[in-house]
*Asks:* 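To start, I am sharing the structure in question, which I have written as structure tokens.
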Amino acid sequence: MAQLSVELPDGSRRNIEPGQTALDVARSISEGLARQAVAAKVNGQLADLSAPLQDGVRLEIITLSSAAGLEVYRHSAAHLMAHAVKSLFGAEVQVTIGPAIENGFYYDFFSENHKFSPEDFQVIEEKMESLAQANLPILREEMGRDTAIELFRSMGEDYKVRLIQDLPNETVSLYRQGDFVDLCRGPHLPSTSMLKAFKLTSVAGAYWRGDEKNAMLQRLYATAFPDKKELRAYLARLEEARKRDHRKLGKELDLFSFNEEAGAGLVIWHPKGAMLRTLLEDFERREHLRRGYDIVMGPQILRTELWKTSGHYENYRENMYFTDIEEQSYGIKPMNCLAHMLIYKSQKRSYRDLPLRYFELGTVHRHEKSGVLHGLLRVRGFTQDDAHILCTPEQLDGEIKGVLRFVQDVMAIFGFEYEMEISTRPAKSIGSDIDWERATKALMSALTDSGLPFEVNEGDGAFYGPKIDIKLKDALDRRWQCATIQCDFTLPERFDLTYVGSDGEKHRPVMVHRVILGAIERFVGVLIEHFAGNFPLWISPVQAVVLNVTDNQAAYTEQVFSGLRDAGVRVQKDLRNEKLGFKIREAQMDKVPYMLVIGDKEMDSGTVAPRHRSGKTLDPMTPEEFVQFVQDECRQFH
């Protein structure tokens, strides 16, 4: 029989025998490549290594060193975990879905009788080890839809039956390893023995299909790496993340709290937390005024008719709260753009007036499901550093680039690196194809001209326009979505916003929606975890604490405290009759940047002895010199 030919990524061609697979090709290139191979791309589509190749296909071998390879590895680990759970608990547990996710994978299980807990983790891991060492082949099988339904029904796997019933395909794919079978499109590793290092990390609740009206499932989270060294490094980062958890530190540092009596997802800011966000908000106001923005404020509720005009009622209603007042329906604002458009529309505008940049620290409310609420990172009431720029089409490019520079400047101040992606038109949207194309091109062009690399996130734009999402990288190399730039040709048309051009005719402005920090609550949560609560001096709620050694220095300590406070230093005092070491340790636990120790020597010389929270001591200085020291360190942010 004639040989077949496949094309490799470098453009070269390799002849193979009929029936040979991607794994055969990998072996023919090198044994090392074959050992690292986990899957293949055939004509751009992921496939199992065992799939026979056809003549003329383009072939790429996927290895563990790639993101796609690691995803296949973790997806196979999810099946291994489900296999272990079924082996241990049998018909008592039903399997549902188990995808790979960033940094790991999860699998959702349904059980009326067994409640998973961390005590189960070791038993499940030991069973996974046993199944991995058994070197079970992972085999793909295609089956008719009705036959597959009967198979899973006979196994008592009702959720798999539901999944198949919702599929339009007449044929579905299954994967078998030993006595375990799962519905899956694949691809998977060739064998369980390739799974070397894995760890269960947590258990949580999750609704079937993400709908709170459906049954509650149990979600086991885990991670997997190609070797134990990488797994240990990841677990160390995970432990560090637990130490930095903003919910834990928020309580320890007395920054904020949540109270079910007040309502889920609603933040209660304590004095130190309120001071922290006030400092951030003051910083924001200064930076926006410096860049030509006007500060505005809109109402918390607006008539529902306005939300219908904007398209929010049709496309965003499930995330909004509504109320009736004197038989008139109002929507509590989830966004700030409507009031800003009403400000623009309040008078006749000329092209000479543009661009107009309206900035508001606007508090909004959105209905987030209780299952996704997460400390400050996902709440129902939050404040955005929201701005809307209304400009001519000719000014659009410059305005987008101006926002990009703003983002760059601010992220540099906080020491954040970041990545950018453009989110394009979602399935649920408003506006014409032409306007969406113009808006998307404007964002891409501004990024390209600015020399900023970006990825494309298909279908994840706002319903009224595409957007640039800026993802911060924190100290643990985690990504956080904060800043956003959205380009909108649609809402100005819906609200009939116009300006008089140089030709004396009416024209339609373009609107740029943008946030720099994003939600203040979320940004504070990110800051807490990034700095582990050790805030830079300029945004520390408390910059210094004055400590006396004995009661003999109490009067002088009070005098120093009052002087620092009057000079604008955020200072506390600790005059308790406790040992100095105890008071210093407490101040360090509170992560106060400086402790000003006052003993007889300092009292006699009219000085203080500053000690940094790191343990480093500064030379003695007068209170006035310490004020100057603080002001100098904070000056660049004021």
*Asks:* Check whether Thr440 reaches the backbone of Glu437 with its side chain - one donor and one acceptor, N or O, closer than 3.5 Å.
*Replies:*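 A pair under 3.5 Å: no.
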*Asks:* Do you know the tightest heavy-atom contact between Met595 and Arg613?
*Replies:*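 Distance-wise, the nearest heavy atoms are CE-CA, 3.5 Å.
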*Asks:* Would you find a donor on one side and an acceptor on the other, under 3.5 Å apart, between the side chain of Thr201 and the backbone of Tyr221?
*Replies:*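 Checking the backbone N and O of Tyr221 against the side chain of Thr201, a donor-acceptor pair under 3.5 Å is found.
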*Asks:* Can you check whether Val364's main-chain N or O pairs, donor with acceptor, with Gln384's side chain at less than 3.5 Å?
*Replies:*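 Answer holds: no.
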*Asks:* Between Glu239 and Lys199, does any NZ, NE, NH1 or NH2 come within less than 4.0 Å of an OD or OE carboxylate oxygen?
*Replies:*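 Answer for the salt bridge query: no.
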*Asks:* Are the charged groups of Glu314 and Lys428 less than 4.0 angstrom apart, N to O?
*Replies:*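 So Glu314 does not pair with Lys428 through a salt bridge.
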*Asks:* Any heavy-atom pair between the side chains of Leu253 and Ile528 that's under 4.5 Å?
*Replies:*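 Sidechains of Leu253 and Ile528: no contact.
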*Asks:* Tell me whether the count of non-hydrogen atoms from other residues, nucleotides or ligands lying under 6.0 Å of CD in Gln631 goes above 12.
*Replies:*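 Atom CD in Gln631 is crowded, with more than 12 foreign heavy atoms closer than 6.0 Å.
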*Asks:* Show me the donor-acceptor pairs within less than 3.5 Å that the side chains of residues 292-301 make with the rest of the protein, sequence neighbours left out.
*Replies:*
unit_1	atom_1	unit_2	atom_2	d
Tyr293	OH	Arg514	NH1	3.3
Gln300	NE2	Thr363	O	3.2

*Asks:* Which atom names give the shortest non-hydrogen contact between Gln395 and Leu354, and what distance separates them?
*Replies:*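 So the two residues come closest at NE2-O, 3.0 Å.
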*Asks:* Considering non-hydrogen atoms only, spot the tightest contact between Ala241 and Arg478 and give its length.
*Replies:*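 Taking every non-hydrogen atom into account, CB-NH1, 3.7 Å.
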*Asks:* State whether the number of non-hydrogen atoms from other residues, nucleotides or ligands found under 6.0 Å of Gln45 atom CD is greater than 12.
*Replies:*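 Atom CD in Gln45 is not packed in, count stays at 12 or less.
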*Asks:* Between Tyr316 and Tyr464 (judged by ring centroids, cut-off 6.0 Å), do the two rings come close enough to count as a pair?
*Replies:*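 No, ring centres 6.0 Å or more apart.
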*Asks:* Can you tell me how the ring of Phe414 sits relative to the ring of Trp538, calling it parallel under 30°, perpendicular over 60° and tilted otherwise?
*Replies:*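 If you compare the ring of Phe414 with that of Trp538, the planes turn out tilted.
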*Asks:* Could you report the tightest heavy-atom contact between Ile268 and Ala262, atom names first, then the distance?
*Replies:*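 The answer is CD1-CB, 4.2 Å.
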*Asks:* Is the shortest heavy-atom distance from the side chain of Leu472 to the side chain of Met411 under 4.5 Å?
*Replies:*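 Yes, at least one pair of side-chain atoms sits under 4.5 Å.
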*Asks:* What distance do Gln572 atom CD and Leu564 atom CG have between them, rounded to the nearest 0.5 Å?
*Replies:*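 The distance works out to 12.5 Å.
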*Asks:* Any sub-3.5 Å donor-acceptor pair from Ser450's side-chain atoms to Leu447's backbone N or O?
*Replies:*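 No, Ser450 side chain to Leu447 backbone: no donor-acceptor pair under 3.5 Å.
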*Asks:* Just checking, Arg219 and Tyr106: is the charged tip under 6.0 Å from the six-membered ring centre and within 45° of the axis?
*Replies:*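 Checked: cation-pi criterion met.
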*Asks:* Are Phe495 and Tyr344 an aromatic pair, judged by ring center distance below 6.0 Å?
*Replies:*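 No; Phe495 has its ring centre 6.0 Å or more from that of Tyr344.
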*Asks:* State, to 0.1 Å, how close Arg494 and Ile430 come at their nearest heavy-atom pair, and which atoms those are.
*Replies:*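 Nearest pair, atom of Arg494 first, then Ile430: NH2-CG2, 3.6 Å.
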*Asks:* Does the gap between the ring centers of Phe416 and Trp480 come in under 6.0 Å?
*Replies:*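 No: the rings miss the under 6.0 Å criterion.
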*Asks:* Got a donor-acceptor contact below 3.5 angstrom from the Asp385 side chain to the Leu517 backbone?
*Replies:*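 Yes, Asp385 side chain to Leu517 backbone: donor-acceptor pair under 3.5 Å.
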*Asks:* Counting only heavy atoms from other residues, nucleotides and ligands, does the tally under 6.0 Å from CZ of Arg185 exceed 12?
*Replies:*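 Count not over threshold, so no.
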*Asks:* Taking atom types as modelled, find out whether Asp435 and Thr490 have a side-chain donor-acceptor pair closer than 3.5 angstrom.
*Replies:*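 Not at all, the side chains of Asp435 and Thr490 share no donor-acceptor pair under 3.5 Å.
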*Asks:* Measure from the side-chain N and O atoms of Thr484 to the backbone N and O of Val515, and report whether any donor-acceptor pair falls under 3.5 Å.
*Replies:*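 No.
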*Asks:* Salt bridge check: are Arg247 and Asp245 linked by an N-O gap of less than 4.0 Å?
*Replies:*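 Yes.
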*Asks:* If you draw the axis of the six-membered ring of Tyr313, does the NZ or CZ of Arg317 fall within 45° of it and under 6.0 Å from the ring centre?
*Replies:*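 Ring-cation test returns yes.
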*Asks:* Could you please spell out the steps behind the salt bridge (Lys or Arg N to Asp or Glu O under 4.0 Å) verdict for Lys333 and Asp386?
*Replies:* CA-CA 13 Å; Lys333 67 174 179 177; Asp386 210 356; over 6 Å; no
*Asks:* Atom CG in Asn336, atom OH in Tyr358: separation rounded to 0.5 Å?
*Replies:*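 Spacing of CG (Asn336) from OH (Tyr358) equals 14.5 Å.
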*Asks:* Taking atom CZ of Arg611 and atom OH of Tyr594, what is their separation to the nearest 0.5 Å?
*Replies:*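 The CZ atom of Arg611 sits 13.0 Å away from the OH atom of Tyr594.
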*Asks:* Are Leu527 and Leu280 side-chain neighbours, meaning at least one heavy-atom pair lies under 4.5 Å?
*Replies:*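 Counting from C-beta outward, Leu527 and Leu280 do come under 4.5 Å.
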*Asks:* Check this for me: does any side-chain nitrogen of one of Asp397 and Lys401 sit under 4.0 Å from a carboxylate oxygen of the other?
*Replies:*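 Salt bridge present between Asp397 and Lys401.
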*Asks:* Does the plane of the ring in Phe225 sit parallel, tilted or perpendicular to the ring in Tyr234? Use 30° and 60° as the thresholds.
*Replies:*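 Because their plane-to-plane angle lies in the 30° to 60° range, the rings of Phe225 and Tyr234 count as tilted.
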*Asks:* Answer yes or no: is there an ion pair linking Arg357 with Glu399, defined by an N-O contact shorter than 4.0 Å?
*Replies:*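 Yes, charged N to carboxylate O under 4.0 Å.
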*Asks:* Are Arg277 and Thr383 close enough, and set up right, to give a side chain to side chain contact (heavy atoms under 4.5 Å, CB included), and what steps lead you there?
*Replies:* CA-CA 10 Å; Arg277 64 171 292 164; Thr383 301; 3.1 Å; yes
*Asks:* Sub-3.5 Å donor-acceptor pair from the side chain of His288 to the main-chain atoms of Phe359, do we have one?
*Replies:*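 Not at all, since once roles are kept as given, no pair shorter than 3.5 Å links the two residues.
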*Asks:* Would a 4.5 Å heavy-atom cut-off, applied to side chains only, mark Val267 and Phe382 as touching?
*Replies:*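 Val267 does not reach Phe382 side chain to side chain.
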*Asks:* Tell me which one of Glu421, Glu419, Glu417 satisfies side chain to side chain donor-acceptor pair (under 3.5 Å) with Lys471.
*Replies:*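 In the set Glu421, Glu419, Glu417, the residue that makes a side chain to side chain donor-acceptor pair (under 3.5 Å) with Lys471 is Glu421.
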*Asks:* What's the spacing between Ile389 CD1 and Ile400 CD1 if we round to 0.5 Å?
*Replies:*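 These two atoms lie 9.0 Å from each other.
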*Asks:* What I'd like to find out is whether the side chain of Ile520 reaches to under 4.5 Å of the side chain of Glu284, using heavy atoms alone.
*Replies:*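 Yes; the side chains approach each other to less than 4.5 Å.
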*Asks:* Is any side-chain heavy atom of Cys487 closer than 4.5 Å to a side-chain heavy atom of Val510?
*Replies:*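 A side-chain contact under 4.5 Å exists here.
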*Asks:* With side chain to side chain contact (heavy atoms under 4.5 Å, CB included) as the test, would you mind laying out the steps for Val571 and Gln543 before giving the verdict?
*Replies:* CA-CA 6 Å; Val571 62; Gln543 295 173 314; over 6 Å; no
*Asks:* Taking all non-hydrogen atoms of both residues into account, name the closest pair between Ala197 and Tyr73 and its distance.
*Replies:*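 Taking Ala197 first and Tyr73 second, the nearest heavy atoms are N-OH, 3.7 Å.
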*Asks:* Between Arg380 (side chain) and Leu373 (backbone), is there a donor-acceptor pair under 3.5 Å?
*Replies:*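 Not at all, since once roles are kept as given, no pair shorter than 3.5 Å links the two residues.
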*Asks:* Please step through side chain to side chain contact (heavy atoms under 4.5 Å, CB included) for the pair Leu361 and Arg285, ending with a clear verdict.
*Replies:* CA-CA 9 Å; Leu361 282 162; Arg285 291 185 182 96; 3.5 Å; yes
*Asks:* Are the side chain of Glu252 and the backbone of Asp254 linked by a donor-acceptor contact shorter than 3.5 Å?
*Replies:*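 Such a contact is absent between Glu252 side chain and Asp254 backbone.
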*Asks:* Side chains of Leu276 and Trp269: does their closest heavy-atom pair fall under 4.5 Å?
*Replies:*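 Counting from C-beta outward, Leu276 and Trp269 never come under 4.5 Å.
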*Asks:* If we ignore hydrogens and angles and just use 3.5 Å, is the side chain of Thr448 paired with the main-chain N or O of Met444 as donor and acceptor?
*Replies:*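 At least one qualifying donor-acceptor pair exists.
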*Asks:* Tell me, with the steps shown, if Cys337 and Gln486 meet side chain to side chain contact (heavy atoms under 4.5 Å, CB included).
*Replies:* CA-CA 12 Å; Cys337 44; Gln486 301 170 352; over 6 Å; no
*Asks:* Both conditions, 6.0 Å and 45 degrees, for the charged tip of Arg425 above the ring of Phe463: are they met here?
*Replies:*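 Because its charged atom misses either the 6.0 Å distance or the 45° angle limit, Arg425 does not stack over Phe463.
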*Asks:* When you compare the side chain of Phe454 with that of Leu443, does any pair of heavy atoms fall below 4.5 Å?
*Replies:*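 With C-beta onward as the side chain, the pair stays apart.
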*Asks:* Taking the basic N atoms (NZ, or NE/NH1/NH2) and the acidic carboxylate oxygens, is any pair closer than 4.0 Å for Glu287 and Arg290?
*Replies:*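 Looking at Glu287 and Arg290, the cut-off is met.
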